[in-house]
Amino acid sequence: MTTPREAGFAMPAEWGPHAGCWMIWPERADNWRLGAKPAQAAFAAVASAIARYEPVTMMVSAGQFENARALLPDAVRVVEVSTNDSWARDVGCTFLLGPDGALGGVDWPFNAWGGLKNGLYFPWDLDDQVAAKMLGIERARRFRAPLVVEGGAIHVDGEGTVLVAEQCVLNNNRNEGVTRQEMECVLKDYLGVSHVVWVGQGVPGDETDGHIDNLACFVKPGVVLLSWCDDPADPHYAVSRNAEARLLGARDAKGRALVVERMPMPTPMFYTAEEAAGVDATASGMNRRAGERMAASYVNFYIANGAIIAPCFGQEGFGVATDAAAREVLARLFPERDIVMVPAREILLGGGNIHCITQQQAGG
Ligand code: KQY
């Protein structure tokens with residue numbers, strides 16, 4: 001099997017030019033409350049926001065095709081693709097660029113964030129086919145990877161470095177018995193990077209077992225934005241300090257020390273009784289409970305051509321004072337891009353956020 005690295009392919013940084021963005025339409029009622037109607041409105045708002053900056057493709061089941069088409073702007077391409085849920089970051093391919101700008105992609109094996117040990121649903125066979133279908137639609141070269149890794153578990157700087165969290169990529173529920181060295185080899189071979197930067201834990205309560213894209217991301221080579229907590233009573237206090245220390249002690253692929261920028265966490269958010277009751281109970285579903293804390297983070301944003309599409313949480317009834325502070329951080333770090341904040345509580349209720357539901361396709 002030729003690896004992407006051997007074939008001259010690598011994953012570009014998210015801030016590089018995009019040919020477009022891929023998303024998946026939500027519909028499973030045991031993850032998205034009220035038959036996924038509020039989530040569909042939130043996903044449509046994200047798709048509409050991104051479509052102002054780059055082409056968007058929405059993957060939709062046959063049963064939802066007409067509804068999605070009606071709720072999305074004409075500019076959004078709607079294609080029928082069967083899935084188990086709606087996390088394009090994790091089940092979609094990781095797009096790569098190769099010699100002469102050739103498009104390729106990694107098709108990571110997917111096991112619903114933990115398989116039969118403590119994965120989030122069963123089955124996940126349709127999700128595991130999504131990457132191959134995307135690459136088929138784009139006639140792009142497909143590289144099936146040998147280890148389970150989700151797109152939300154990696155961030156690259158486009159200059160040879162990948163950032164990952166031990167809690168997630170070394171978790172036995174993904175690849176039982178895999179060693180750090182074996183994982184590093186696969187990340188290097190399939191992302192075309194030469195250096196891995198490790199942090200320990202992800203955001204507490206994140207049901208992905210600590211995806212890096214909810215905790216931290218590169219904002220440019222040498223600079224990492226970290227979700228930060230100043231309340232010693234909050235479990236994220238120790239996690240953010242530990243991650244900062246690890247990052248400040250690391251070097252990137254070019255030998256640079258990393259600069260860490262702090263992004264304040266949103267005010268803690270919890271499922272209301274009404275929200276939890278709106279999720280269908282099924283044997284393989286998510287079983288939300290009133291009062292359960294959600295793993296909210298402003299770092300879970302999408303970098304589009306010319307814009308940052310970021311979550312905000314200050315919807316009516318849920319006073320969240322941190323949205324303005326997050327906007328200021330993003331505007332300072334991305335002065336050349338529009339900052340577009342989209343209400344994202346309905347996405348958060350499903351267990352992720354804007355970065356988790358989007359997948360950039362590199363290219364001009
Ligand atoms: O955050 C993500 N990347 C996926 C979260 C999956 C949650 C399923 N309920």
Side-chain angles (χ1 to χ4, degrees), residues 14 21-34 36 38-40 42-43 46 59 83-94 108-115 117-124 126-128 130-131 148-155 163-165 167-169 171 173-174 201-217 227 266 269 271 275-276 278-289 292-302 309-311 313 344-360:
E14 193 168 321
C21 174
W22 293 71
M23 297 177 64
I24 303 172
W25 190 245
E27 64 173 283
R28 65 180 293 161
D30 62 354
N31 189 54
W32 304 104
R33 72 189 184 110
L34 305 178
Q40 289 174 0
F43 276 53
V46 171
M59 295 178 274
T83 63
N84 300 106
D85 200 4
S86 44
W87 305 98
R89 178 64 51 187
D90 294 342
V91 307
C93 61
T94 297
W108 305 102
F110 178 76
N111 75 349
W113 309 275
K117 286 212 178 78
N118 57 350
L120 298 180
Y121 48 72
F122 176 85
W124 54 81
L126 298 174
D127 279 349
D128 194 30
V130 171
V148 172
V149 174
E150 298 98 29
I154 52 171
H155 261 306
L163 178 61
V164 293
Q167 181 196 357
C168 183
V169 301
N171 200 307
N173 67 8
R174 305 307 211 279
Q201 304 289 306
V203 174
D206 185 331
E207 60 193 21
T208 65
D209 306 305
H211 269 184
I212 197 71
D213 72 347
N214 214 27
L215 177 78
C217 63
S227 178
M269 278 177 281
Y271 287 92
E275 287 166 345
V279 178
D280 283 6
T282 60
S284 66
M286 262 47 72
N287 298 315
R288 306 299 182 192
R289 290 186 313 277
E292 189 185 340
R293 173 113 178 242
M294 295 183 280
S297 165
Y298 291 110
V299 166
N300 206 312
F301 58 82
Y302 178 73
I309 313 297
F313 304 103
R345 187 179 174 95
E346 292 295 340
I347 306 170
L348 181 62
L349 290 171
N353 224 303
I354 291 176
H355 196 256
C356 311
I357 65 168
T358 50
Q359 183 65 254
Q360 72 276 6

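Below, each value reflects all heavy atoms present in this structure, side chains not excepted, and no hydrogens, waters or symmetry copies. Counting convention: from 1, in listed order, for ligands and their atoms alike.
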Quick check: do [X] and [Y] have side-chain heavy atoms less than 4.5 Å from each other?
{"X": "Glu27", "Y": "Gln40", "result": "yes"}
{"X": "Arg89", "Y": "His355", "result": "yes"}
{"X": "Thr208", "Y": "Trp87", "result": "no"}
{"X": "Gln360", "Y": "Tyr302", "result": "yes"}
{"X": "Phe110", "Y": "Asp128", "result": "yes"}
{"X": "Trp113", "Y": "His211", "result": "yes"}
{"X": "Arg174", "Y": "Asn111", "result": "yes"}

* **Test item, Gly152 contacting ligand 1 (heavy atom, 4.0 angstrom)** =>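 False for this residue.
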* To do: Specify side chain, backbone, both or neither for His211, according to which of its non-hydrogen atoms lie closer than 4.0 Å to ligand 1.
  =>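 Side chain only.
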* With a 4.0 Å heavy-atom cut-off (strictly under), which part of Arg288 contacts ligand 1: side chain, backbone, both or neither? ->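 Just the side chain.
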* Asked: In terms of side-chain heavy atoms, does Tyr121 have a donor or acceptor partner in Asp127 at a distance below 3.5 Å?
  ->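 The criterion, which ignores hydrogens and geometry beyond distance, is satisfied for Asp127 and Tyr121.
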* Asked: Just by distance, with hydrogens left out, do Trp108 and Asp90 show a side-chain donor and acceptor under 3.5 Å apart?
  ->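 No, because no side-chain N or O of Trp108 sits under 3.5 Å from a partner of the opposite role on Asp90.
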Considering only heavy atoms of [X], which atoms of ligand 1 have at least one such atom less than 4.0 Å away?
{"X": "Gly352", "answer": "1 (O)"}
{"X": "Asn31", "answer": "9 (N)"}
{"X": "Leu120", "answer": "7 (C), 8 (C)"}

Just distances here: any N/O of [X] and N/O of ligand 1 closer than 3.5 Å?
{"X": "Gly350", "value": "yes"}
{"X": "Trp87", "value": "no"}
{"X": "Trp113", "value": "no"}
{"X": "Glu207", "value": "yes"}

Give the residue and atom name of whichever protein heavy atom lies nearest to [atom], and the separation in Å to one decimal.
{"atom": "atom 1 (O) of ligand 1", "answer": "Cys356 SG, 2.9 Å"}
{"atom": "atom 3 (N) of ligand 1", "answer": "Asp90 OD2, 2.6 Å"}
{"atom": "atom 5 (C) of ligand 1", "answer": "Gly351 O, 3.3 Å"}

